[in-house]
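Each chain gets a letter, A, B and so on, in the order the sequences are listed, and its residues count up from 1. No hydrogens, no waters, no symmetry mates; every other heavy atom, side chains included, goes into these values.
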There are 10 protein chains.
Amino acid sequence: MTNEYLVRIDVERPATVPDAEWDAVMAREAERARGYRRAGVIVRIWRIPGTRSNVGIWSAASASELHDKLSALPAHPYMKIDVQPLAQHYVEL
Amino acid sequence: MTNEYLVRIDVERPATVPDAEWDAVMAREAERARGYRRAGVIVRIWRIPGTRSNVGIWSAASASELHDKLSALPAHPYMKIDVQPLAQHYVEL
Amino acid sequence: MTNEYLVRIDVERPATVPDAEWDAVMAREAERARGYRRAGVIVRIWRIPGTRSNVGIWSAASASELHDKLSALPAHPYMKIDVQPLAQHYVEL
Amino acid sequence: MTNEYLVRIDVERPATVPDAEWDAVMAREAERARGYRRAGVIVRIWRIPGTRSNVGIWSAASASELHDKLSALPAHPYMKIDVQPLAQHYVEL
Amino acid sequence: MTNEYLVRIDVERPATVPDAEWDAVMAREAERARGYRRAGVIVRIWRIPGTRSNVGIWSAASASELHDKLSALPAHPYMKIDVQPLAQHYVEL
Amino acid sequence: MTNEYLVRIDVERPATVPDAEWDAVMAREAERARGYRRAGVIVRIWRIPGTRSNVGIWSAASASELHDKLSALPAHPYMKIDVQPLAQHYVEL
Amino acid sequence: MTNEYLVRIDVERPATVPDAEWDAVMAREAERARGYRRAGVIVRIWRIPGTRSNVGIWSAASASELHDKLSALPAHPYMKIDVQPLAQHYVEL
Amino acid sequence: MTNEYLVRIDVERPATVPDAEWDAVMAREAERARGYRRAGVIVRIWRIPGTRSNVGIWSAASASELHDKLSALPAHPYMKIDVQPLAQHYVEL
Amino acid sequence: MTNEYLVRIDVERPATVPDAEWDAVMAREAERARGYRRAGVIVRIWRIPGTRSNVGIWSAASASELHDKLSALPAHPYMKIDVQPLAQHYVEL
Amino acid sequence: MTNEYLVRIDVERPATVPDAEWDAVMAREAERARGYRRAGVIVRIWRIPGTRSNVGIWSAASASELHDKLSALPAHPYMKIDVQPLAQHYVEL
């Protein structure tokens, strides 16, 4: 029994973080996110045009499991995250 | 595996609904809500002071199951509902 | 070249619309939505738990084409619609 | 005569606080929060998925007593706190 | 042990309520409010200039007691009420 | 002829202000506020539970006089202030 | 000693008010407003382009006096009013 | 010397307006809007996808002239209008 | 042909700007603002009580000219500015 | 098949960026923006009076293409960008 969630992630880079450190975090972030995509944790994901933000459909057994996955993202300390739970729609039944 | 949700319900009575009809809906509503409390669907529930709104902790296997329970409330047509998913906090582990 | 959009639809039934009329509109609405799903206009769609609202991923060649599809929904007169354009995310490339 | 409150706490770590100092504050914070849980000051508490925020049910004789408990939290200087008073709901009577 | 609350009340008269009925409700409302003032339930109350809204300091043993007083107001069905709990300030100690 | 105002003050301590300097400002702030209380400039004042914010009833002949009193507060540079003018309510006449 | 206020007035005509009645209210409203302008109660007033709303500078000895003037406007039952108190600016001293 | 404005218009049809009357207003509205387009009052105009709202670039000598044009729209009684003044950008000089 | 605008200016001093530099900017700011007042660019201006913000009536031939005047203010880099265009009101005709 | 978008860009200069570096970025920004204007990527663009913000009409085949153009702006790291998709309006057909 899995739940699907609509997850919006806004990324804000503090002025005090030097380029090298930021690029390293972003590289690890990309790798982790691609892993989640292969594992089906990220079902679909899009870029909000003009921003560093993204919106995606995530899948997890529970909100606790989803929290663990999100907090494990390398760029998590720089993220504002909003999670909207999703129920099945009759059109998809 | 159950999920807990923070559910806020604001009830708005349209001016066009006569007293008798409203009271009947509220009676069926109270009965259904008490049933949910006994069954553990409603874990805790409180009144927002001064209003007809309530906030509560609900439990369900998934957002789809939660949706079915909420839509089955007799007063549902008069409700604005906001659902916040809840993850476990280390303090409760 | 198609564009994907995140579309949120809130449905509000005026107190003045009788049950029979509302049910007829909802039946035609369900039929149209299922048609869009088969045609790939609706890529995915979910119910916002506890509400009559939905959020979905829609696909169209342009915002004008998307507008025509949305305005053709039988329940359109009772809808508040928000459309967020989506760009490709590197994780999906 | 105790009052129950719905308390939302958002934690924001300033970029200027070094890791060692932050981890020390978080350790003292966890200890204090577990103490409040044992003493019934914190009735229930959950993590908002994807964030460092939490929402909980707190119990105190008055808003003044609640204020003292909240201000005594080691991480209080880094917190934005919102307190919603809760009244009894007929379903729980 | 009493609690003080900052209570904002916005009154909205539906277009469907005839003058005679409205005036009768307002008369009973004034009487009830003056009673609360004499009894110290309403500590202070002011009009928000230009509106039918008011803001006041109310006193009650608990949020549940405050809820009962507010719901007993004759004009309650036409009210939007916001309650902010108040703690003691060192300047008043 | 005096006017009463509902004044909300949110205090935000910049990360760059060292403890010693902050404590000195707070000490002068407490002294000034107590003086205003004795002089009736502050009629009543409460702490918003869990925060460094306060809400109070202030009295002044005019908004200009109120401005002078507020700007003279030692912690004023760290304050966000909202002033709501208050008119007499018939219940207090 | 007079106070100046920035007053925004939004006018909303309910669908249930027939033209004749509305036009009569608007005629009395215009007359009253011109009277206030001559008397200096309205110092300046402008139309928010595209709307029935206005924003103006009003003068009164107190918020209570301002409230009486605003409530005496014939169209007051159809108004949402916001009052911002104004203090003297050094540039005008 | 003309000014350009960004004008957003949201159209809301009250439930009490019958189809025939609404269609007649919309026909006159379309005619007036096309006239404005030919005259350069409307420089460009777009539909907000999924809604009856539009956003456009309007041109007028002053806000007063713009107000007259907007209020003369046949569907004006059913409109919420927001006007944003626009200054020249160096890229267009 | 001049236009009048309602201009709100919020001033926020960054923690990194030393007193001497800030005072120098403020001195030049006061001088420039007084010049604008004499020239009729600033028609009226008030202080928002308790804050460093102001609200004023400005006059300019166009939004472009207004922009130039506002950007030329010495404290402009520390300002958040909102400009509301104003149309003539029948009460002033 | 191109899409038009209403794009609002707010520019915020961090206190830590020295003048020389900022001016260099702004020079490259101006050059890039003029290039986009010549190429028809920027159809029209205006300054929001009193601010460093702009609003414009951009044209791109898709949201992904628009994202690439916006992210390539030299000042992009200092921008908050909002993109509103635009559909054709009957008045322009």
Side-chain angles (χ1 to χ4, degrees), chain B residues 4-38 40-58 70 73-84 86 89 91, chain E residues 1-22 24-25 28-29 32-33 36 41-43 45 48 52-87:
Chain B
E4 289 190 316
Y5 301 88
L6 178 65
V7 178
R8 166 145 183 159
I9 301 179
D10 296 313
V11 179
E12 197 137 345
R13 174 181 171 181
T16 55
V17 174
D19 289 346
E21 186 185 328
W22 182 257
D23 297 341
V25 169
M26 286 299 125
R28 283 189 295 120
E29 177 71 20
E31 202 198 317
R32 176 65 56 90
R34 287 198 176 91
Y36 281 171
R37 177 77 155 99
R38 285 191 299 275
V41 174
I42 295 178
V43 180
R44 290 295 310 272
I45 187 164
W46 299 267
R47 177 66 69 202
I48 309 278
T51 76
R52 280 200 213 93
S53 304
N54 66 66
V55 66
I57 307 300
W58 293 59
L70 290 167
L73 287 169
H76 185 254
Y78 311 113
M79 289 177 169
K80 280 204 178 1
I81 296 178
D82 179 71
V83 171
Q84 164 70 55
L86 300 173
H89 192 281
V91 162
Chain E
M1 174 79 235
T2 68
N3 278 285
E4 290 190 315
Y5 301 87
L6 178 66
V7 178
R8 168 150 182 155
I9 300 179
D10 296 313
V11 179
E12 197 138 345
R13 174 181 171 181
T16 54
V17 175
D19 290 345
E21 186 185 328
W22 183 257
V25 168
R28 283 188 296 121
E29 178 70 20
R32 177 64 56 89
Y36 281 171
V41 175
I42 295 178
V43 180
I45 188 165
I48 309 277
R52 281 200 211 92
S53 305
N54 66 65
V55 67
I57 307 300
W58 293 59
S59 170
S62 68
S64 299
E65 189 186 288
L66 175 65
H67 176 69
D68 295 341
K69 300 287 186 191
L70 290 167
S71 334
L73 287 169
H76 185 255
Y78 310 114
M79 290 176 168
K80 279 206 178 3
I81 296 178
D82 178 72
V83 170
Q84 163 70 56
L86 301 173

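- Here N54(B) contributes atom CG and I48(B) contributes atom CD1; the two are 7.5 Å apart, rounded to the nearest 0.5 Å.
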Apply side-chain contact (heavy atoms from CB on, under 4.5 Å) to the pair Y36(E) and I45(E), showing each step before the final yes or no. CA-CA 11 Å; Y36(E) 281 171; I45(E) 188 165; over 6 Å; no

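- Not a single donor-acceptor pair under 3.5 Å links the side chain of H67(E) to the backbone N or O of S62(E).
- For chain E, the nearby part of R52(B) is the side chain; its heavy atoms alone come within less than 4.5 Å.
- In this structure, E65(E) CD and Y5(E) OH are separated by 8.5 Å, a value rounded to the nearest 0.5 Å.
- Contact annotation for S71(E): neither backbone nor side-chain heavy atoms come within less than 4.5 Å of a heavy atom of chain B.
- Proximity to chain B (any heavy atom under 4.5 Å) is shown, for I81(E), by both the backbone and the side chain.
- Neither the backbone nor the side chain of K69(E) comes within contact range of chain B; no heavy atoms are under 4.5 Å apart.
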